[in-house]
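Working notes for the structure below.
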Number of protein chains: 4
Amino acid sequence: MPGIPKPLRPRKTPRQQRSAATREQILRAAAHVFVEHGYAAGTTNRIAEAAGLSIGSLYQYFPNKDAILVQLAQRHLAEGRQALTAAIERGLPATWPERITVLVDAALHAHSGDPRLHQVLFEESPRPPALLADLRALQNTMVDLVADLLREDPAVDAPDPRLTAWFLVATTESLVHRYLADRPTSDVAVFRQQLIAVLTGMLGTHSAATQPPG
Amino acid sequence: MPGIPKPLRPRKTPRQQRSAATREQILRAAAHVFVEHGYAAGTTNRIAEAAGLSIGSLYQYFPNKDAILVQLAQRHLAEGRQALTAAIERGLPATWPERITVLVDAALHAHSGDPRLHQVLFEESPRPPALLADLRALQNTMVDLVADLLREDPAVDAPDPRLTAWFLVATTESLVHRYLADRPTSDVAVFRQQLIAVLTGMLGTHSAATQPPG
Amino acid sequence: MPGIPKPLRPRKTPRQQRSAATREQILRAAAHVFVEHGYAAGTTNRIAEAAGLSIGSLYQYFPNKDAILVQLAQRHLAEGRQALTAAIERGLPATWPERITVLVDAALHAHSGDPRLHQVLFEESPRPPALLADLRALQNTMVDLVADLLREDPAVDAPDPRLTAWFLVATTESLVHRYLADRPTSDVAVFRQQLIAVLTGMLGTHSAATQPPG
Amino acid sequence: MPGIPKPLRPRKTPRQQRSAATREQILRAAAHVFVEHGYAAGTTNRIAEAAGLSIGSLYQYFPNKDAILVQLAQRHLAEGRQALTAAIERGLPATWPERITVLVDAALHAHSGDPRLHQVLFEESPRPPALLADLRALQNTMVDLVADLLREDPAVDAPDPRLTAWFLVATTESLVHRYLADRPTSDVAVFRQQLIAVLTGMLGTHSAATQPPG
DNA sequence: CATGAATGAGGGTTCATTCAT
DNA sequence: AATGAATGAACCCTCATTCAT
């Protein structure tokens, strides 16, 4: 930025920026510690140490241990929600195989960080009701969205669109999660292809089953 | 046993049997307490109390808290293994829809007790490596079994039988688990039917397996 | 108890007695520590140490620090209440100087233990509402009792018996407390005499009560 | 000071004046916070915030928390001392009822600010010895003064003037304090009148008792 | 002189585990 | 074997105080 003398350039709100950076630091440390030790053994002292802070400082950024957990989890969920919103804004594909691919890729992306963290956050830890509600809300949004798409599409025969949508969403989520834990094949692409096929089949089976070719 | 006066006959509950009964009692109490309070808040004192024992006695039957957890979990796994063995000994059905039905029903049965206990045992608690290994072993056994069946059946098109088997087993387990948590439909029968359809679909809508050639 | 062999003598409920003894031990230690360090610096660890117990044991007898404080305070109040009841049952004296002497002696007795403890318990510490209520209740009882006596006695001129009663009770309590803190005279008897004179004076110098005819 | 250009003249708000104002601000804030939260929960951060300062600044005006407390308390005492001095300089009344009225009004005035603050400062908080000494000193001054007056007055029979003086001063202080806590009557005037009567009686009783008309 | 992020000793409390009885 | 009082390491968290900016 030529012409503007350094000291006059707008400061990047140092106070808040620093603060935000420290929060980030703590969250990263917490993620690391939770992955390494689990929730119970992931003590606040360990987190502070991993973040290179004193325990007192940690508590200036988060009121208690659970707040760290919740923040971490909600960030995960927020990412999922954003991915969903983004996909919708970009325009959902017109065909089911494509739509399912979007779904699967979103799930793979969401879990790409660390499946163990996902497990600690959503399974091992005491989940505050607010967080549980958030989790349910996101899943419901997705199920509703898919259900609506199913209803709109006359080519798909889904007597109970919500249930079918639940199957699609739940299977995607669950199998991606499980894949990362089990690694039944080392080639993600293979898994991805197979999963897409399975999900696509979920719709096909029905249609085929109930829409016998004239 | 005539001739031997009743009071002198060996008691039906010798030391070891009594001991076994007490262990059982403790395990039942632990299951109850874990379901009620979760792992962390499921203290050994609470378990002892629920078992009608003193804490000291409890420690004469189990060396530590984790031993109780592991025993409980391994029992769960053992049940699964036995169900599997039993099914094999009864003779597996010849058609895939039937086989899948057996698989689904086994999973439903395994989780029928208390899904919350399953969650505590396998998700919320610190899982000792030994237990994890056991869990993996059982799943592998099942996957292997299914993979073998897939290989034996020329009508099924499965280029990677192990992966396909993994999909079948993992989907069954995951969706049953998730169903019990989410209850997307209150009618289990509907869910069961749908799940069977989905799994059958995995093997190929077109496949001869489900449409044995007249 | 001759004739009854030792082992058959009724045991003094060892369990509970021991437990009660330990509670007592803790309370004594707590009183000591509170007097020595005040409430805030009278840590549970210090109390446990003074009681010759581990901190864990202390928490098997009291759920938290405040419970110790409350117990200590309520015991104080209970003693006061009992002294009152006992005095009533013994029959209150007929003349005011005598009645006032009873009141003063009761107050002196109540504070005889350790005025600093009284101060910590009722002034320095966070007083749970329940305790405050108890304290007020006891004082009200006393005020009411005295007020009734005032009403019954035609010789006493007390237009507002409750207020006069409050003055009597409050002055007694306050001055006894203050005396023990200030020690304006080393001879308790002198103080006692003077206080009795002051309180008697409150009822009216002219009153017949203090000037028995003759 | 002619000749010195304005900008060079010493500012009307030199370092020290500004500093004194800030100290005042802090003390006011501290009083507020202590009343609101008590001593233990009246944290230095809260005080700084209430004073509109950073915690760092606060520590540039007071070396530690207790210094604030002590200053606050000593100011209270100083006010009492000044009231006393002023009363003496104005000339003490000649009759005891008037003198006692002055005493009572001074006490009522001293506590008029906020009895809760008085409680926090002198009962709830850890009182540094220096403060305690100050408190005693003030009381002694008052007792001595009253004792001297008693000695000077031949009409009053006080065999132990210091003790009688202590009774007067202590009763005044204690009952005013207690009145504000208990509010046995909502009308302060009534209480004041009654208290004055009681205190006057303290002298009267004696004189009457020991100076039989004759 | 102001700021407020950083510090860390120390507090109350829990709970798996031991051991004398 | 059974008991349950005793243990104490470890946890989460607070707050007076410091110090680099």
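All chains are named by letter (A, B, ...) in the order of the sequence lines, taking the proteins before the strands, and each is independently numbered beginning at 1.
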Once you round it to whole Å, what is the distance between [atom2] of [N] and [atom1] of [X]?
X	N	atom1	atom2	answer
C/Lys65	E/dT13	NZ	P	8 Å
C/Ile68	E/dG11	CD1	P	15 Å
C/Leu58	F/dA9	CG	P	17 Å
C/Glu49	F/dT7	CD	C1'	15 Å
B/Phe62	E/dT18	CZ	P	16 Å
C/Leu53	F/dG4	CG	P	18 Å
A/Arg23	E/dA5	CZ	C1'	15 Å
D/Ile26	F/dT17	CD1	P	14 Å

Looking at every strand, decide which applies to C/Thr44 at a 4.0 Å heavy-atom threshold: base, sugar-phosphate, or nothing. base

Under 4.0 angstrom, heavy atoms only, what part of the nucleic acid is D/Tyr61 near: base, sugar-phosphate, or nothing? sugar-phosphate

Per A/Asn45 side chain, nearest of listed nucleotides F/dC12, E/dA16, F/dT3: F/dC12

A/Arg46 side-chain proximity, nearest of F/dG8, E/dG11, F/dC11: F/dC11

Hunt down the Watson-Crick or G-U wobble partner of F/dT7, both distances under 3.5 Å, from any strand shown, or write none. E/dA16

Please name the nucleotide paired to F/dT21 by Watson-Crick or G-U wobble geometry with both distances under 3.5 Å, or report none. E/dA2

Contact nearer the 5' end of DNA chain E, comparing C/Asn64 with D/Gly56: D/Gly56

Comparing C/Thr43 with B/Asp66, nearest DNA chain E nucleotide closer to 5' gives the residue C/Thr43

Does the Lys NZ or Arg CZ of A/Arg23 fall within the cation-pi geometry relative to A/Phe62 - under 6.0 Å from the ring centre and within 45° of the axis? yes

Below 4.0 Å: OP1/OP2 of [N] and any side-chain N or O of [X]:
X	N	value
D/Tyr59	F/dT17	yes
B/Ser54	F/dG4	no
D/Ser57	E/dC1	no

C/Arg28-C/Gln25 side chain donor-acceptor pair, cut-off 3.5 Å: no

More than 12 heavy atoms of other residues, nucleotides or ligands under 6.0 Å from NE2 of B/His32: yes or no? no

Verify the neighbour count for atom CD of B/Gln71: are there more than 12 heavy atoms of other residues, nucleotides or ligands below 6.0 Å? yes

Closest-nucleotide 5' rank along DNA chain F - winner of A/Ala40 and C/Gln60: C/Gln60

Can you work out whether B/Ile55 or D/Gly42 has the more 5'-proximal nearest nucleotide on DNA chain F? B/Ile55

D/Arg116 with D/Glu124: basic N within carboxylate O range, under 4.0 Å: yes

Would you mind reporting whether D/Leu121 and D/Leu131 have side-chain heavy atoms less than 4.5 Å apart? no

